[in-house]
Protein chains: 2
Amino acid sequence: MNIGEIAKRAGVSRSTVSYVLSGKRPVSDGTRQKIQRVIDELGYQPNASARALANGRTNTIGLVFPPAGNHYTGMQLDFIGNVVEAAAAKDYDVLLSPSGMDSDRSFQRLLGERRVDGAILMELRLQDDRFEHLNSVGLPAVAIGRTAHPENGWWVGLDHTALAEACVHHLADLGHRTIAFVNRPEQLLRAGYESAHRGLEGFTKAAAERGVTSRTYCCGDDASSGQACLERILYDEPATTALVTLNEAALGGLYRGLANAGRHVPRDFSVTGVVASRWAETVTPQLTAADVPAEQMGRLAVDLLVERLDHPDAPARHHLLAPPISLRASTGPAGTGPASTGPASTGPASTG
Amino acid sequence: MNIGEIAKRAGVSRSTVSYVLSGKRPVSDGTRQKIQRVIDELGYQPNASARALANGRTNTIGLVFPPAGNHYTGMQLDFIGNVVEAAAAKDYDVLLSPSGMDSDRSFQRLLGERRVDGAILMELRLQDDRFEHLNSVGLPAVAIGRTAHPENGWWVGLDHTALAEACVHHLADLGHRTIAFVNRPEQLLRAGYESAHRGLEGFTKAAAERGVTSRTYCCGDDASSGQACLERILYDEPATTALVTLNEAALGGLYRGLANAGRHVPRDFSVTGVVASRWAETVTPQLTAADVPAEQMGRLAVDLLVERLDHPDAPARHHLLAPPISLRASTGPAGTGPASTGPASTGPASTG
DNA sequence: ACCGGCTGTCGAACCGGTTCGCGTGAAGTG
DNA sequence: CACTTCACGCGAACCGGTTCGACAGCCGGT
């Protein structure tokens, strides 16, 4: 069932059917209805490849996300889901591309074969060569996150610096003097992950300002790494009474480590960080945290990209978000020290 | 840069370039190298839309997942990630389609506009009209899950009946006599979700066989619903000493409810169910559960679909998986009853 | 020297849409 | 009634690949 078949049955030419479909030229009421009736009867829908070939637009956007290790974190999931929904609402489909590292076949296909009209980049690095690749083939892109030089880019980002600072201030205001920072895995930090770097920067700066003792750790994206990391924290500095984390996947492990060490949250130890609310509410006690507004960010990213596609010469725009800290139940005033001793720390463990 | 440009620069015809690219006809070494050099210099990649139009294959598969409510569970995330990776390994791209309910635009686009060569269906219902829609347009599909009549279908499924039975037997072997079942949300059960129905069936059957007292509950896919559900369980039957759940998103809330009620896991109360290992390991104590092999399932689904695409007349195949229960730390022998009383149950709450 | 077969390449048609320029017939105007 | 104007629909070209039939040239065999 192609457009010629419709034209034949309606007794008109193919171009007239096309104009009925697109509305780009007026068609008389009589012909339009005749054609429309045939279309409805046959349930005709135009072939996407042919249309894309003819008018140069695929009505598809690419979502590029290098996997952090072998699995995805809850936050990535939230972004993916919300981007897909926002795109669907604007009649765009979403093509998923894993990896996106150089020489990655899937990413190359997306770009070179022009399967998509534009791309949304996740998991940004401070120096992100994906932008150059996209620019070199003229594909518009919007980032979720921002590079080291975001001035003239299209992106929607989270102010990790400010959020980490806010977490430190919150803890310092509660009287905590020794605070640990649990970052994403070292491999990602080394790769230049934006959130890891900016969060670390904000944490370090605020800790210095408030004169609190601090240590920073990298931690694998899973529960057992979190547990090991916490053991290490208490081994390195038993007087630690609070931590800030960006690593939502390790959160369960951090809590387990605290429980094993006999530190009660929030009485003996406070935990906070940057985590989407639905994950913050999964742990007990519920996590006081800056809520990552994944839905809003996904929607904004799609909005920006579609705007850019519709107006190729529009000036660059971006959104920098800094959600407030939601007070839940995982932070409290610094106590006089640990209430009791749990199992003695016997030594540090690898923290991924 | 199109194929004609390459042909011109190499001094050959367009068809010869095409044959170099596809290898479908022999080309002499000299010409091949001449063409290949031009291709490499210009970094030429053939246009995906044009190719799809010409040979009728998009090299894209659709992943159809009706959202359970407004967000995705960790298990869905795992499937999506693993399907995308498995597809990428076979040089297929993945197009995501939310909803997939009737009259859904995105789903209709996938089918009618032939954006994909085939589809993988997630979140199966016992009677799933998506199959009929797909069949009516001749699109091959593979399901993750199985309908009420899976005999001649292509699918990879989890034997939820057997898994739920195994959970009950495990608990009964430990001496538990009063067991609750925490299912997916009622809305999904009513919609005919396969896992919810088969899990419930297996639970009910095994509970009857073992003569244990049981109650079954539906529970929203979030932590607060889980907490409310647990309060309700203990209100309805305070003698309950164990539960089985399919609802991974509610798990954190169930644990919180138990902690609030003063029930220690596993001393006073045992918890088990069907949950992917990486989520089972997030909670404390770690969940004894039948591990959903999401990676394997994603890979198998892609393998089946690609096989079906390559051999349109191949006989239907499927894989029914029943992973064993991984013993972790959330189940133990039934005690003599709750060790102490937590906050008194004051009444049931809505459980979503 | 002639013929048959085989290789390697070409040209043209085709996939299913979109878009542009043009022709036609009806309506409006002096 | 002749002439412009306009609305409407048609045909052809095009997007960028793939594929098939044909043909040229070379080889070896008799």
Side-chain angles (χ1 to χ4, degrees), chain A residues 1-39 42-60 91 109-117 137-138, chain B residues 1-36 38-39 42-60 91 93 109-117 137-138:
Chain A
M1 286 309 96
N2 55 27
I3 201 174
E5 184 68 25
I6 303 294
K8 193 190 305 175
R9 301 205 187 197
V12 299
S13 75
R14 302 195 305 150
S15 50
T16 305
V17 177
S18 178
Y19 288 125
V20 165
L21 253 17
S22 69
K24 293 191 179 175
R25 275 199 193 175
V27 173
S28 72
D29 271 3
T31 349
R32 167 182 294 104
Q33 286 169 20
K34 194 170 47 182
I35 294 173
Q36 192 62 52
R37 189 156 28 241
V38 177
I39 288 177
L42 273 65
Y44 166 75
Q45 288 180 265
N47 179 297
S49 301
R51 174 181 299 197
L53 175 59
N55 69 11
R57 296 200 38 166
T58 61
N59 259 267
T60 304
D91 280 340
R109 271 206 306 272
L110 228 110
L111 307 189
E113 303 186 358
R114 309 212 76 87
R115 281 175 192 266
V116 299
D117 296 333
V137 297
Chain B
M1 286 312 95
N2 56 27
I3 201 173
E5 183 69 24
I6 303 295
K8 193 190 305 174
R9 300 206 187 198
V12 299
S13 75
R14 302 196 306 150
S15 49
T16 304
V17 177
S18 178
Y19 288 125
V20 166
L21 252 18
S22 68
K24 293 191 180 175
R25 276 199 192 176
V27 174
S28 72
D29 271 3
T31 341
R32 167 183 293 105
Q33 285 170 20
K34 193 169 48 181
I35 294 174
Q36 193 61 52
V38 176
I39 289 178
L42 273 64
Y44 166 75
Q45 287 181 263
N47 180 297
S49 302
R51 170 179 298 188
L53 174 60
N55 69 10
R57 296 200 38 168
T58 61
N59 259 265
T60 304
D91 281 340
D93 284 323
R109 270 207 306 271
L110 268 199
L111 307 190
E113 303 186 356
R114 308 212 76 87
R115 280 175 192 267
V116 299
D117 296 333
V137 297

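Here the structure is a predicted model, which means the values were calculated and not measured. Note on naming: letters A, B, ... go to the chains in the order of the sequence lines (proteins, then strands), and numbering restarts at 1 for each one. These numbers come from the heavy atoms of this one structure, side chains and all, not from hydrogens, waters or symmetry mates.
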task: Please report the shortest heavy-atom distance between A:Tyr44 and A:Leu21, naming the atom on each side.
output: CE2-CD2, 3.8 Å

message: Using a 3.5 Å distance criterion without hydrogens, assess whether the side chain of A:Arg114 forms a donor-acceptor pair with backbone atoms of A:Val137.
response: yes

- request: Taking all heavy atoms of A:Ser49 and all of B:Ala52, pick out the closest pair and write down the distance.
  value: OG-CB, 3.3 Å

task: Can you see which heavy atom on A:Arg51 is nearest to which on A:Pro46, and at what distance?
output: NH2-CG, 2.7 Å

message: Using the rule side-chain hydrogen bond (donor to acceptor under 3.5 Å, both in side chains), only one of B:Thr58, B:Asn47, B:Thr60 pairs with A:Arg115; which is it?
response: B:Thr60

message: Can you see if the side chain of A:Tyr19 gets near the phosphate of C:dC20 - specifically, an N or O under 4.0 Å from OP1 or OP2?
response: no

- request: Write down the distance between CZ (B:Arg115) and C1' (C:dG16), rounded to a whole number of angstrom.
  value: 14 Å

- prompt: Closest to the A:Thr31 side chain: D:dC8, D:dT19, C:dG17?
  reply: D:dC8

query: Rounded to the Å, how far apart are B:Asn59 CG and D:dT18 C1'?
result: 14 Å

5'-most by nearest nucleotide on DNA chain D - A:Arg25 or B:Ser22: A:Arg25

- request: Tell me which nucleotide among C:dT9, C:dG8, D:dG16 gets nearest to the side chain of B:Pro26.
  value: C:dG8

message: Does anything in residues 9-17 of chain A come within less than 4.0 Å of DNA chain C? Heavy atoms only, and list the residues if so.
response: A:Arg14, A:Ser15

message: In this structure, how many angstroms lie between the C1' atom of D:dG16 and the CD1 atom of B:Ile39, rounded?
response: 14 Å

message: Using whole Å, what does the distance between atom P of nucleotide C:dG17 and atom CD1 of A:Ile35 come to?
response: 14 Å

message: I need the CG-P distance between B:Asn2 and D:dC14, as an integer number of Å.
response: 13 Å

message: Can you say whether a donor on the side chain of B:Arg51 sits under 3.5 Å from an acceptor on the base of D:dG16, or the other way round?
response: no

task: Quick one: do B:Ile35 and B:Arg32 satisfy side-chain contact (heavy atoms from CB on, under 4.5 Å)? Show the steps, please.
output: CA-CA 5 Å; B:Ile35 294 174; B:Arg32 167 183 293 105; 6.0 Å; no

task: Among D:dC8, D:dG16, C:dC20, find the nucleotide with the atom closest to the side chain of B:Asn47.
output: D:dG16

- request: Using atom types as modelled and distance alone, determine if a side-chain donor or acceptor of A:Ser18 lies under 3.5 Å from a backbone N or O of A:Arg14.
  value: no

statement: Taken to the nearest whole Å, CD1/B:Ile3 to P/C:dG11 is 14 Å

- request: Report the C-alpha distance between A:Arg9 and A:Leu42 in whole Å, list the side-chain angles of each, state the deciding distance to 0.1 Å, and finish with yes or no for side-chain contact (heavy atoms from CB on, under 4.5 Å).
  value: CA-CA 10 Å; A:Arg9 301 205 187 197; A:Leu42 273 65; 3.9 Å; yes

task: Give one of base, sugar-phosphate or nothing for A:Ser28, where a contact means two heavy atoms less than 4.0 Å apart.
output: sugar-phosphate

task: Map B:Ala54 and B:Asp29 onto DNA chain C by nearest heavy atom, then report which one ends up closer to the 5' terminus.
output: B:Asp29

- prompt: Closer than 4.0 Å, any side-chain N/O of B:Lys24 to the OP1 or OP2 of D:dT18?
  reply: no

For atom CZ of A:Arg57 and atom P of C:dG16, their distance in whole Å: 23 Å

message: Rounded to whole Å, how long is the line connecting atom CG of B:Asn55 with atom C1' of C:dG16?
response: 14 Å

- request: Determine whether any donor atom in the side chain of A:Arg32 lies under 3.5 Å from an acceptor atom in the base of D:dG9, or the reverse, and answer yes or no.
  value: no

